[in-house]
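In what follows, chains are A, B, ... by sequence order, proteins preceding strands, each numbered from 1. For the numbers below, each heavy atom of this structure counts, side chains included, while hydrogens, waters and symmetry mates do not.
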Amino acid sequence: MRAFYDRPTLEVVGDLIGKVLVHQRRGVRTSGVIVEVEAYIGESDPACHAAPGPTPRNQPLYGAPGHAYVYLNYGIHYLVNVVTEAHGSPAAILIRALGPLEGVDVMRRRRGRPGKPAVHDDDLCRGPGNVTRAMGITLAENRLDLTGDRLFVEDRRIDAGPIAWGPRVGIRVGTEQPWRAYVVGQRAVSGKRVDSSAGRLATSR
DNA sequence: CGTTCGATGCACT
DNA sequence: GTGCATCGAACGT
């Protein structure tokens, strides 16, 4: 459904929390409840990749809504966004954390490092770099049409808890905008953990 | 618990 | 050449 993404970005943010992100390739399916996202909106947003104007890398931001924007960050991590707003209006939403649902065994394998202790299930998709590693998302998924059957958001909502908004994290500029949304108390949300007992999804063990 | 810091590739100036 | 929309290991408290 293209129209879902063809709207003001902050509206999409609110509707994205609690929905299920799915990636399937070569018969391997992984999915998780979206519990943390950040909006990057327009050339006037200094933290948005569109801030310098159109470049080869940020071209997906200027394209049609409902497509993926994936890029390599710090030379190490892939970060995945969903492109929003009308064609020519550069904006996107960064997927920062998921509560694992399907393919948890695959996620454990992708996140596991030889000789290291196993990653806790709540940490499998905690942080944007971990989301892509656990989901198997790379540059190959850049520009993918999210209305297709390979990478998409399911049209169902899981009540994971109350939603809160705050400043975006991990950026040096543009921190005054409260464009980060997350599920309060959910274990997979990045940053300091407030409560140690609440927020575990029944589905994510 | 907390903070610091190195890894690592590439877009952009 | 500079600086990241990060992660996790290593160390200090």
Side-chain angles (χ1 to χ4, degrees), chain A residues 5 9-10 12-13 16-17 21 32 34-63 65 67-85 89-98 100 107-144 146 151 164-182 187-197:
Chain A
Y5 302 98
T9 302
L10 295 181
V12 183
V13 165
L16 219 43
I17 296 285
L21 181 70
I34 300 172
V35 295
E36 182 189 4
V37 298
E38 283 176 358
Y40 291 86
I41 308 173
E43 296 179 349
S44 59
D45 174 5
C48 182
H49 280 187
T55 67
R57 180 177 68 159
N58 67 26
Q59 194 178 332
L61 296 177
Y62 289 86
H67 288 256
Y69 171 48
V70 183
Y71 71 98
L72 181 64
N73 184 53
Y74 288 100
I76 303 174
H77 309 286
Y78 297 109
L79 270 55
V80 61
N81 299 250
V82 301
V83 174
T84 56
E85 315 235 351
S89 177
I93 299 169
L94 171 70
I95 308 296
R96 288 192 60 89
L98 307 172
M107 293 183 182
R108 291 195 194 105
R109 198 179 324 136
R110 287 171 173 160
R111 288 294 317 282
R113 306 286 290 159
K116 305 270 175 60
V119 178
H120 191 280
D121 284 2
D122 293 325
D123 294 331
L124 287 172
C125 301
R126 187 172 192 246
N130 292 331
V131 167
T132 55
R133 182 162 289 283
M135 298 280 286
I137 295 172
T138 69
L139 243 33
E141 278 69 40
N142 192 27
R143 300 166 179 266
L144 260 193
L146 299 176
L151 181 64
W165 295 72
R168 296 171 293 181
V169 299
I171 52 177
R172 320 283 297 235
V173 291
T175 52
E176 64 281 351
Q177 305 290 358
W179 289 350
R180 170 175 179 252
Y182 57 98
R187 300 284 300 172
V189 173
S190 64
K192 287 185 296 187
R193 275 162 173 162
V194 194
D195 186 349
S196 56
S197 61

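With respect to A/L79, the side chain to side chain contact (heavy atoms under 4.5 Å, CB included) criterion is satisfied by exactly one of A/I137, A/L72, A/N73: A/N73.
Across the C1' atoms, C/dG8 and B/dC10 are found 22 Å apart, a figure rounded to whole Å.
Of the inter-residue distances, the one linking A/E38 atom CD with A/Q177 atom CD reads 12.0 Å to the nearest 0.5 angstrom. Note that CG of A/L10 and CD1 of A/I41 are 4.0 Å apart. Values are rounded to the nearest 0.5 Å.
Taking every heavy atom of both residues into account, A/I171 and A/V173 meet most closely at CD1-O, 3.2 Å. Here the closest non-hydrogen pair linking A/V70 and A/N142 is N-OD1, 2.9 Å. When all heavy atoms of A/P54 and A/E43 are compared, the pair lying nearest together is CD-OE2, 3.8 Å.
Across B/dA7, B/dC10, C/dA5, the shortest atom-to-atom separation from the side chain of A/I76 is found for B/dA7. The side chain of A/H77 lies closest to C/dC7, out of C/dC7, B/dT8, C/dC4.
Of the possible polar contacts, one joining the A/R168 side chain to the A/A39 backbone as a donor-acceptor pair under 3.5 Å is found. In this structure a side-chain-to-backbone donor-acceptor pair under 3.5 Å is missing from A/E36 to A/A188. Side-chain atoms of A/R187 do not come within 3.5 Å of backbone N or O of A/D121 as any donor-acceptor pair. Judged by distance alone, the side chain of A/N58 and the main-chain N or O of A/G53 form a donor-acceptor pair under 3.5 Å.
The CZ atom of A/R113 sits 15 Å away from the P atom of B/dA7 (whole-angstrom rounding). With rounding to whole Å, A/H120 atom NE2 is found 15 Å from C/dG8 atom P. Protein atom CG of A/N142 is 14 Å distant from nucleotide atom C1' of B/dC10, rounded to whole Å. Here C/dT6 presents its P atom at 6 Å from CG of A/N73, a figure rounded to the nearest Å. Taking atom CG on A/L79 and atom P on C/dC7, their separation rounds to 7 Å, with Å as the unit.
The stretch residues 127-140 of chain A touches DNA chain C through A/G127, A/P128, A/G129, A/N130, each having a heavy atom within less than 4.0 Å of the strand.
Distances shown here put a side-chain N or O of A/R111 below 4.0 Å from the OP1 or OP2 atom of C/dG8. Phosphate proximity of C/dT6 to A/R96: present, with a side-chain N or O under 4.0 Å from OP1 or OP2.
Projected onto DNA chain C by closest heavy-atom contact, A/V169 and A/K116 fall at different nucleotides, the more 5' of which corresponds to A/V169.
Counting heavy atoms from C-beta on, the side chains of A/E141 and A/V80 never come closer than 4.5 Å.
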Please write out each protein N/O paired with an N/O of nucleotides 11-13 of chain B under 3.5 Å, distance rounded to 0.1 Å.
{"unit_1": "B/dC12", "atom_1": "OP1", "unit_2": "A/T55", "atom_2": "OG1", "d": "2.2"}

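Under the stacking definition used here (centres under 5.5 Å, planes under 30°), the residue A/Y74 fails to qualify as stacked on the base of B/dG9.
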(request) Starting at the 5' end of DNA chain B, write a dot or bracket for each base, bracketing those in Watson-Crick or G-U wobble pairs whose two distances are under 3.5 Å and using | for partners on another strand. (result) |||||||.||||.

